[in-house]
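Notes for the one structure printed next.
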Amino acid sequence: MSNWPDSLAAAKVDQCRLATQVQLKSFPLSNLNSTKKVAGVDVGVDVVSGKLRAAAVLIDPITAELIEWCVAQQAPQFDYQPGYLSYRELPVVLEALEGLSSIPDIIFCDGQGIAHPRGVGIASHLGVLVQRPTIGVAKKLLFGRSREPENKLGFHTLIKYQHQILGCALRSRVNVKPIYVSPGHLITVSDATAWVMHFSRGYKLPEPTRIADRIASRRTKAWQS
DNA sequence: GCGACAG
DNA sequence: ATCTTGTCGC
């Protein structure tokens, strides 16, 4: 990756530039009819090599079943720091995405979208780089605050920071802690929430994220490459 | 100033 | 992210 920041200070400057490019616009679930390629991406660590392993998966828009997947590995070039996750994970994620037969129409990411100190979580950063709608799905909140949504499927409360609405805490499964959804790029909070609910099939995480997570964190066996 | 802090 | 056994609930 060229022009990739190599320090927190440089990354911060980069984030402020990216933030000006993030756009929130309508991308309703009704687009499902014309949406052929739905993707999910996630990163895990290969305990043997110490490398980051990214998985990019294509999911069927209707059945939510796995259609195609690609894995890429790279030595980490950036330490994890809260607020700068994308600089560590995106290089491998982009390589995995390039291995797919085509660029997806919408991408689910593991982490925040605009619910970030500078409005550029990993989902937003990826969306700007590939110019596609992206949705951030996180298991924990990084920025802003929300109250606990009612314990009923699909119920949600907004994530706010000083009157701004950044996403929602969503009950994707009853009796399980909520997930935190925020738009990455080219989608709105409400549309992102609808897409996440559409792909929530009995598990805490929506299928694109859950399946990518399974593949990225699967332990390497001797018979695998 | 102090704590909180995606994966 | 990852290390980890049994246990509780649907």
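Residue numbers start from 1 in every chain, and the chains themselves are labelled A, B, ... in the order their sequence lines are given, proteins ahead of strands.
- Between A/Leu142 atom CG and B/dG7 atom P there is a gap of 9 Å when expressed in whole angstrom units.
- Between A/Phe108 and A/Phe199, the ring center distance clears the sub-6.0 Å criterion.
- Residue A/Asp42 contributes atom CG, which lies 10 Å from atom C1' of C/dA1 at whole-angstrom precision.
- Here C/dC10 is the nucleotide among C/dT2, B/dG7, C/dC10 with the atom lying nearest to any side-chain atom of A/Asn175.
- Residue contacts for A/Tyr84: at a heavy-atom cut-off of 4.0 Å it reaches a base atom on one of the strands shown.
- Looking at heavy-atom distances under 4.0 Å, A/Gly83 makes contact with a base.
- B/dA6 atom P lies 16 Å from atom OH of A/Tyr161, rounded to whole Å.
- The shortest heavy-atom contact between A/Arg171 and A/Lys177 is NH1-CA, 4.1 Å.
- When rounded to the nearest whole Å, the span between CD of A/Gln81 and C1' of B/dA6 equals 13 Å.
- Counting any heavy atom pair closer than 4.0 Å across all strands shown, A/Leu141 reaches sugar-phosphate atoms only and no base atom.
- The distance from atom CZ of A/Phe143 to atom P of B/dC5 is 13 Å, rounded to the nearest whole Å.
- Following rounding to the nearest Å, A/Phe78 (CZ) and C/dA1 (P) show an atom-to-atom distance of 19 Å.
- Listed candidates were B/dG7, C/dT2, B/dA6. Nearest to the side chain of A/Gln112 is B/dA6.
- The number of heavy atoms from other shown groups lying within 6.0 Å of CZ (A/Arg201) is above 12.
- A/Val43 and A/Trp69 sit in two unconnected hydrophobic clusters of ILVMFWY residues. Membership requires side-chain heavy atoms under 4.5 Å apart, directly or through other members.
- Here the rule is side chain to side chain contact (heavy atoms under 4.5 Å, CB included) with A/Pro183, and of A/Ile187, A/Val181, A/Leu186 only A/Ile187 fits it.
- Look at CD1 on A/Ile122: it is 13 Å from P on B/dA6, rounded to the nearest Å.
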Only pairs under 3.5 Å count here: list side-chain donor-acceptor contacts from residues 24-39 of chain A, not counting sequence neighbours, and write none if there are none.
unit_1  : atom_1 : unit_2  : atom_2 : d
A/Asn33 : ND2    : A/Ser30 : O      : 2.8
A/Ser34 : OG     : A/Asn31 : O      : 3.2
A/Thr35 : OG1    : A/Asn31 : O      : 2.6

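- A sub-4.0 Å separation between OP1 or OP2 of B/dA4 and a side-chain N or O of A/Lys140 is absent.
- Pairing analysis of DNA chain C (Watson-Crick: purine N1 to pyrimidine N3 plus N6-O4 or O6-N4; G-U wobble: N1-O2 and O6-N3; both under 3.5 Å) yields no stem of 3 or more pairs.
- Stacking is not found between A/Tyr180 and the pyrimidine-like six-membered ring of the B/dA6 base under the 5.5 Å centre-distance and 30° plane-angle cut-offs.
- The nearest heavy atom of DNA chain C to A/Arg173 and to A/Ala216 marks one nucleotide each, and the one closer to the 5' end goes with A/Ala216.
- The CZ atom of A/Arg214 sits 14 Å away from the P atom of C/dT2 (whole-angstrom rounding).
- Hydrophobic clustering keeps A/Val137 apart from A/Val130 (ILVMFWY residues linked when any side-chain heavy atoms are closer than 4.5 Å, directly or through intermediates).
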